[in-house]
Amino acid sequence: MTQVKALIKRELMAYFYSPVAYVFIVIFLLSTVGTTFFIGNFFDSNQASLETFFIFHPWLFLFLIPAVGMGLWSEERNSGTIELLFTLPVTMIQAVISKFLAGWIFIGIALFLTFPVVLTVWYLGEPDNGMIITSYLGSFLMAGAYLAITCVTSALSRNQVISFILSVIVCFILVLLGWGVFTQILTQALPIWLVEIISSFSFSSHFNSISRGILDSRDLIFFISIIVGGLLINAVILDSKKAV
Amino acid sequence: MTEEKKGKLKFGSTATNLILIVIIIIAVNVIAAGLFFRLDITEEKLYTLSKGTINIVEGIKTPITIKYYFTKNLEGLPMTYKNYGKKIDELLTEYRNLNSEMITYESYDPKPDSDEEEWAQKYGLSGIDLGTGEKVFMGIVVIKEDNEAGLPFLDPRREQFLEYDITQLLLQVYQEKNKTIGLMSSLPVMGSTPNQFEQMQGQRPQPKWAFISELEKTFKINEIPSDAQDIADDIDILLVIHPKNLSDNTQYAIDQFVLRGGELVVLVDPNARMDQEAAMATQMGQMASASSDLDKLFKHWGVQYDSQKILGDLDHSTRVNAGGATGVISYALWHSLTGESFNKDLIATKGLESMLMIEPGGFLMDAKSPLKLNSLLLSSQNSGLIQSYMTRFGNPVSINKQIVADNKNYSLAGILSGELTSAFSKRPDPPQPKKGEPANPESNSPVNPKPHLAKSSSSTKILLVTDADFLSDTFSVEKFNLLGQTFVQPKNDNLNFMVNMIEFLGGAETMMEIRSRGRFSRPFTRFEELLTQAQSQYQDAEERLSANLKEVQEKLSQLNVEKGTNQVVLTKEQIDKINQFREEEKKTKSQLREIRKLLRQDIEFEKTSLTLLNLLVIPVLLTLIGLILYYRRARNRSR
């Protein structure tokens with residue numbers, strides 16, 4: 001446990017020593033807040049709710065999260081420090097978990113720093129706080145799921161760019177599966193029950209469901225299973241590379 | 001490269017592990033789909049259906065299909081409709097989830113000229129024209145094997161009643177038989193189409209009253225003439241509205257109806273404004289009474305009600321515009337009821353917030369009455385009765401002064417229950433046909449007169465309300481036109497109260513447990529505040545300027561009139577005056593424009609500042625922190 005904590009600290013410090021972290025958070029904030037006000041027409045909606053804020057997250061995360069995770073393993077493998085990592089008294093699983101958690105915490109910090117929109121919406125009206133809480137929770141979990149996938153792609157390749165692109169593609173598919181327009185196209189080719197099953201494996205459908213203000217075990221389990229599964233796959237892949 | 005290739009192609013641990021993991025992920029999710037739980041954390045439990053709905057929906061034992069037609073992808077669809085339509089979809093999904101065995105839920109997007117649109121129209125779902133030629137559909141149809149009914153268009157403004165409307169629709173389709181209301185009314189609640197003669201006398205065609213339309217959703221309504229001698233057996237609830245001079249035979253029929261277990265709702269009124277007959281007669285100079293009573297029955301039941309007296313309540317007076325010099329005053333004969341006037345013990349009245357009663361009567365119970373009174377609407381103690389004819393002579397201010405408070409809480413509505421005996425010793429003789437009129441076979445005694453009931457077999461239930469006007473559309477709803485369709489929006493709880501009470505009597509108590517859902521919409525109250533602030537600030541100025549403008553425009557038109565008579569050429573004086581006034585008009589108009597701009601100025605300023613704050617504060621802070629840290633490290637390194 002302490003090894004995990006130590007590793008996490010090491011990773012997090014590494015983030016904040018690099019100017020990249022600050023640039024990333026600034027971009028994160030500008031894009032999430034910007035889409036809310038300018039594309040989401042926040043004021044026009046006349047609703048004291050953060051719907052127009054959260055609605056873009058699945059699409060924004062598509063690029064933001066892989067940016068965080070792409071270097072996690074690729075960089076280490078590329079620069080050879082991965083060998084160093086595995087000489088430390090940590091198990092593969094612990095390493096995998098720590099890297100993931102460090103990244104997840106980092107994203108969590110970025111998400112937390114969006115609090116001014118919450119203050120704004122409190123100031124302007126009486127939003128439904130239950131919805132805000134579950135939406136942030138959903139966003140955080142979804143980010144975790146994206147990150148887990150990025151960890152996998154990052155472990156697959158030494159090249160950060162390839163890992164980024166792979167991650168975007170996989171995540172894109174998972175978002176697309178739940179997107180209204182796409183599912184409509186599918187219904188023309190496949191039976192409805194099949195389409196429903198397929199779309200229930202998408203990020204967007206579960207995220208939309210959570211952000212309505214309902215804690216549904218299916219949504220929580222979906223994201224957690226992707227995270228756990230992703231980490232396991234991550235470990236297996238690294239293992240296989242190590243063995244050679 | 002080869003490394004990775006080898007890793008992937010290697011059969012055995014890696015590949016099988018990976019596949020295993022993926023399978024487990026899928027399996028976990030599939031299992032989760034079967035055993036899920038949910039927690040509704042929204043503040044108003046928006047996604048949790050109320051107990052009443054749950055009971056009703058779970059009790060559905062035959063297959064029912066809910067079809068929802070919503071043009072969600074329509075171009076130019078306003079945000080409010082888009083959001084509301086989505087919430088309706090989610091709510092309907094909840095219904096389906098409650099009883100997925102019996103309920104099928106299908107949602108459709110009726111694109112123009114598609115099959116779906118045809119079906120929607122076949123079901124009677126009306127699309128609303130957006131003005132761009134495109135139609136918005138947002139309606140529901142519920143279908144059972146042999147029965148179907150729909151909600152043609154769900155107006156976002158009615159969102160508080162959404163759950164109620166949907167459950168009611170389901171109930172309507174699912175229930176084999178609706179209870180029947182017998183309607184005996186001297187007021188044109190079912191609407192009226194006056195003939196030519198009546199039209200000449202000033203009667204205008206009237207639509208059905210809104211509360212009747214609401215009742216028709218859950219009840220069958222049969223009209224009963226005011227001279228009926230018998231109430232048919234299939235009538236479950238008798239609704240008597242504004243009974244005027246009912247014959248003994250008719251009062252007997254009502255008496256017997258109550259004794260055999262029927263539920264009676266009676267609305268009497270000492271001064272019904274909606275009584276067109278009385279109004280017309282008065283116009284023609286005849287003395288006519290706009291009051292109603294059930295004298296024989298009330299006396300026997302121990303109800304103290306004086307049909308010639310109106311109740312005035314100084315604590316519940318309503319601000320009305322008496323026009324002219326009097327302006328706005330508080331009129332004690334129009335009761336604005338809030339909070340403490342409503343009986344908190346009964347579900348039907350617990351949730352009421354405001355009602356408006358128009359020149360009602362008030363009643364009390366005799367100490368020796370066989371019935372128990374459960375009062376629903378109470379006056380304050382600062383109330384008293386005045387003679388109705390005062391309203392014809394006095395003005396509102398003097399009428400207010402006439403009210404002498406007698407420290408009693410009068411009831412304006414209440415439920416009387418208990419065992420009763422008949423108010424008649426035997427069936428009264430059939431009415432004799434008037435001299436010169438042919439014997440009317442209908443007004444002869446019924447072919448097989450039922451045996452006289454001397455007393456009730458079980459506890460009776462009578463709902464008594466001493467006002468009839470409060471139910472008319474004028475005082476209960478707001479009608480507005482939206483793109484060609486008329487929508488009805490309750491102004492207060494008058495309609496709610498009546499429909500709730502009748503459903504309560506009709507045993508459809510479960511409907512009342514369905515609370516008004518919290519609103520889905522949460523507007524920017526801050527901007528609304530700013531707007532009202534600005535309005536009060538600038539309203540005076542705006543009114544002054546508008547009045548000014550009117551004056552000037554009047555003077556201008558006056559001058560034009562003067563000019564018109566026998567003058568070909570204007571004197572220099574007149575020309576100067578006209579120019580002067582035109583200048584003033586222009587100035588005043590631009591000042592008005594300025595004021596109106598100011599009204600919105602504060603709001604625009606806040607919008608812009610909020611946007612900037614949100615976008616920049618944290619990023620700027622972070623950049624600063626980052627730079628500081630960077631400098632510190634740079635300095636450290638250079639040492």
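Below, chains carry the letters A, B, ... as their sequence lines are ordered, and counting in each starts from 1. Please read all numbers here as calculations on a predicted model, not as lab measurements.
Heavy-atom distances place no part of B:Y630 under 4.5 Å from chain A, backbone and side chain included. If you measure heavy-atom distances from A:Y17 to chain B, the contacts under 4.5 Å come from both the backbone and the side chain. For A:L29, the part sitting under 4.5 Å from any heavy atom of chain B is the side chain, from C-beta outward, and nothing else. In this structure, chain A has heavy atoms under 4.5 Å from both the backbone and the side chain of B:I26.
B:I618 CD1 to A:I25 CD1: the interatomic distance, rounded to the nearest 0.5 Å, is 10.0 Å. Taken to the nearest 0.5 Å, the CG atom of A:L30 stands 11.5 Å off from the CG atom of B:N614. With rounding to the nearest 0.5 angstrom, the CZ atom of A:F201 is 9.0 Å from the CD1 atom of B:I25. If you take CD1 on A:I210 and CD1 on B:I41, they are separated by 9.5 Å, rounding to the nearest 0.5 Å. In this structure, NZ on B:K607 lies 6.0 Å from CG on A:D44, to the nearest 0.5 angstrom. Rounded to the nearest 0.5 Å, atoms CD (B:E90) and CG (A:N208) are 8.5 Å apart.
Among residues 217-224 of chain A, the residues having any heavy atom closer than 4.5 Å to a heavy atom of chain B are, in sequence order, A:S217, A:R218, A:I221, A:F222.
Applying the side-chain contact (heavy atoms from CB on, under 4.5 Å) test between A:Y22 and each of B:L627, B:L629, B:T623, B:L624 identifies B:L629 as the sole match.
Partners of B:L621 according to the side chain to side chain contact (heavy atoms under 4.5 Å, CB included) rule, which considers only residues two or more places apart in sequence or in another chain, are B:V617. In terms of the side chain to side chain contact (heavy atoms under 4.5 Å, CB included) criterion, residue partners of A:I27 (sequence neighbours excluded) are, by chain and number, A:V23, A:L64.
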Ignoring hydrogens and angles, write down the donor-acceptor pairs under 3.5 Å from the side chains of residues 229-237 of chain A, residues two or more places apart or on other chains.
none

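The 12-atom threshold is exceeded at CD of B:E116, counting heavy atoms of other residues, nucleotides or ligands nearer than 6.0 Å.
B:L615 and A:G34 make their closest contact through CD2-N, 3.8 Å (heavy atoms, listed as atom of the first residue, atom of the second, distance).
When A:F115, A:F43, A:F37 are compared by the number of non-hydrogen pairs under 4.5 Å with chain B, A:F43 comes out ahead. The candidate from A:P19, A:S49, A:P116, A:G125 with the greatest count of non-hydrogen atom pairs under 4.5 Å with chain B is A:P116. With chain A as partner, the option from B:L39, B:I625, B:T525 having the largest number of non-hydrogen pairs under 4.5 angstrom is B:L39.
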query = Taking it one step at a time, do B:L622 and A:L113 satisfy side-chain contact (heavy atoms from CB on, under 4.5 Å)?
reply = CA-CA 10 Å; B:L622 274 183; A:L113 289 175; 4.0 Å; yes
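Taking the side chain as every heavy atom from C-beta outward, B:L610 and A:L124 approach each other to under 4.5 Å.
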